[in-house]
Amino acid sequence: MRVPASGDPSASVMPVPVQEPAGGEACEILVVGGGTGGVAAALAAARAGRRVVLLEETNWLGGQLTAQGVSALDEHEHIESFGGTRSYYTLRNGIRRHYDRTNPGNCWVTRLAFEPRVAMDVVERMLQPHVDSGRLTIHRRMKAVAASAEADRVTAVVAMGLDDRRLIQFLPQLVIDATELGDLLPLCGVEHVVGAETVAQTGEEQAQPGEPKAHCVQSFTYTFACELHPEGENHAIARPEKYEHYKAAQPYSLKIEVHGGEIYGETSGWLEYRLFDTMPGTKGGLWTYRRLVEGKSFSCNDLTLFNWPGNDYRDRSILDCTPLQVAQALQDAKRVSLGFLHWLQTEAPASGSRRGAPEIRLRPDVMGTADGLCKFPYIRESRRIRARKTIVEQEVSANYRKGPRAAHFADSVGVGWYPIDLHRSGPDDVGASCRTWPFQIPLGALLPVRVANLIAGGKNLGTTHITNGCYRLHPVEWNVGEAAGSLAAFALGEQVAPATVRERPDLLERFQRRLLEQGVPIAWLVETGVGDASFASGQIDFMMRNIREGALP
């Protein structure tokens, strides 16, 4: 059994009792991580009739949708009619029904922003029928801490209850790693990559020019929500520790560098924002950027989310340090966000010549925490599997491809679209950003090169540091998870290894048809959404035509 050493960043911050748990709990599919991808994976596998166990280390399912507080969806211009899976639309529509509004926040960065608890409630309702049927068992506040592997297979995963220190050993047939940081990869001995590769390794122009840099992992963020009170009220928080340091180092600023795209138009360069005013070249102020609730529509105060470069944490990666160093980094990351809030309340350009907006009040209840920060930091980049197919910048970037679509993958199991958007980890990081064309999710990117019964179910799929920047967003992570859960169920039904589904053309075609029946698009055909009668046939015709023309998995 592989028990994490004290220097293993996947270890819990708390000391792990080194003892063998009694017995074991057998299951068909173990999904580790109840975030956006993990929820979609568990839902898909249970929907296919399989017995599934889902582990989540917080008490909120949903990941970046909920516990990480990124409840303003990062999507693309076609999302209202195409580009998400049927179950993803069920999620979006459930949120909208709660508010009886298309976009309750009337914000300008997305078509749907909402309170995290609302998404959590919708997720719970989507999963509940499978819990009631006995197909799905959910363990909250439980973290994987050890694993066993034999002959290229994961044989056991040990998880610890974070409240009671209870250890449970799970004996799964297939495992989906949907953790936020790719925690299972080192525990199970799965070959993986951390940080930024070089140009020589990937051929990407924006990769590192010389040596690979494991510490160049995208910054993470503690998000928070605030309520707008009448001007003249004072709800400013006290200065947190290290305020002056982070004010200068971040720096705390409403000036950001942009690289074109849907949100900012074709503009590239620097844009100056204010908290409330709409400045030249912008679509609004920071307050309406990710506003969750527009007060005048609901007879209440405005409520907004803060997830901005100014409160990204860039001091160090938490993938390459000891548990104590992880704890110290997380505390500093909280100081960064609380310092940014204090700066907004006291010094930031608010409106006109006014500096600071003490009338904005932190709302801890929105995030369900005592300090008002999200339960789990918003993680943009995790460990990534060495995959049977690694997606590179040349296959998706508008700098390389003429469009209107990215490279075709004959083994596609989903679609996505978002710019390559890397939040710098520090001065050594390239901070790449560029537009992309609508892209596919290749099945090979979910499959490790060696371990036969583990599937990537989130941001740990086979991307590079660069392409992680466009495969990490809400609808893409949901699609990755749904494809992983569907693959696990299909492979069990066929009594084959997941990789065999990709290797055998007859199985691959049947699996892709199964995905289409479930409302998972595998090609970019915006004219036919998942609810159209010709959806599946149009998708298959397009895929077969591209295969005949020579596209390879």
Side-chain angles (χ1 to χ4, degrees), residues 1-2 10 12 20-63 67 87 120 123-149 153-185 187-188 190 446 451-458 460 478 480-493 498:
M1 175 171 295
R2 295 170 57 89
S10 67
S12 171
E20 294 290 335
E25 182 177 322
C27 60
E28 289 186 315
I29 300 169
L30 176 66
V31 181
V32 184
T36 302
V39 164
L43 183 66
R47 188 175 58 209
R50 292 297 166 180
R51 290 181 292 110
V52 183
V53 172
L54 174 63
L55 309 181
E56 165 55 25
E57 63 181 278
T58 74
N59 60 350
W60 282 11
L61 298 174
S87 64
M120 181 188 66
V123 163
E124 295 278 2
R125 289 198 298 273
M126 292 173 71
L127 294 172
Q128 193 59 48
H130 305 293
V131 175
D132 293 341
S133 72
R135 290 189 297 271
L136 175 62
T137 302
I138 302 173
H139 295 273
R140 296 170 182 80
R141 295 286 294 157
M142 184 161 281
K143 179 181 177 66
V145 295
S148 299
R153 291 182 61 84
V154 179
T155 56
V157 174
V158 176
M160 181 180 69
L162 297 180
D163 296 322
D164 58 11
R165 304 289 188 93
R166 179 172 58 108
L167 294 179
I168 301 178
Q169 180 171 245
F170 296 95
L171 307 173
Q173 295 181 45
L174 291 175
V175 180
I176 296 174
D177 182 356
T179 59
E180 300 300 331
L181 297 168
D183 289 342
L184 278 190
L185 306 184
L187 293 179
C188 298
V190 178
L446 276 60
V451 176
N453 67 333
L454 184 140
I455 304 169
N460 57 348
W478 183 279
V480 168
E482 186 164 356
S486 298
L487 174 63
F490 183 82
L492 286 175

side-chain contact (heavy atoms from CB on, under 4.5 Å) evaluation trace for Trp478 with Leu43
CA-CA 11 Å; Trp478 183 279; Leu43 183 66; 4.2 Å; yes
Heavy-atom closest contact ([X] atom, [Y] atom, distance):
{"X": "Pro172", "Y": "Asn453", "result": "O-ND2, 4.4 Å"}
{"X": "Ala144", "Y": "Val157", "result": "CB-CG1, 4.0 Å"}
{"X": "Leu171", "Y": "Gly24", "result": "CD1-CA, 4.0 Å"}
{"X": "Met142", "Y": "Arg166", "result": "CE-NH2, 4.0 Å"}
{"X": "Glu56", "Y": "Leu61", "result": "CB-CD2, 3.7 Å"}
{"X": "Leu492", "Y": "Glu28", "result": "CD1-CB, 3.9 Å"}

Can you tell me how far the [atom1] atom of [X] sits from the [atom2] atom of [Y], to the nearest 0.5 Å?
{"X": "Ile138", "Y": "Glu124", "atom1": "CD1", "atom2": "CD", "result": "6.0 Å"}
{"X": "Leu184", "Y": "Thr179", "atom1": "CG", "atom2": "OG1", "result": "5.5 Å"}
{"X": "Leu454", "Y": "Arg153", "atom1": "CG", "atom2": "CZ", "result": "11.0 Å"}
{"X": "Ile168", "Y": "Met160", "atom1": "CD1", "atom2": "CE", "result": "12.0 Å"}
{"X": "Asn59", "Y": "Arg141", "atom1": "CG", "atom2": "CZ", "result": "6.5 Å"}

Without placing hydrogens or testing angles, list every side-chain donor-acceptor pair under 3.5 Å for residues 32-39, not counting sequence neighbours.
{"residue": "Thr36", "atom": "OG1", "partner": "Gly62", "partner atom": "O", "Å": "2.9"}

Can you name the side chain to side chain donor-acceptor pair (under 3.5 Å) partners of His130, sequence neighbours left out?
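Per chain and number, His130 pairs via side chain to side chain donor-acceptor pair (under 3.5 Å) with Arg135.
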Look only at the side chain of Thr137 and the backbone of Val53, and say whether a donor-acceptor pair between them is shorter than 3.5 Å.
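Side chain of Thr137 to backbone of Val53, a donor-acceptor pair under 3.5 Å: no, none is there.
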Side chains of residues 483-491: which donor-acceptor pairs under 3.5 Å do they make with residues two or more places apart or in other chains?
{"residue": "Ser486", "atom": "OG", "partner": "Glu482", "partner atom": "O", "Å": "2.9"}
{"residue": "Ser486", "atom": "OG", "partner": "Gln518", "partner atom": "OE1", "Å": "3.1"}

Residues Val175, Asp177; criterion side-chain contact (heavy atoms from CB on, under 4.5 Å); working and verdict
CA-CA 6 Å; Val175 180; Asp177 182 356; 5.5 Å; no
Any non-hydrogen side-chain atom of Arg50 less than 4.5 Å from a side-chain atom of Gln173?
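They are not in contact (no side-chain heavy atoms under 4.5 Å apart), so the answer is no.
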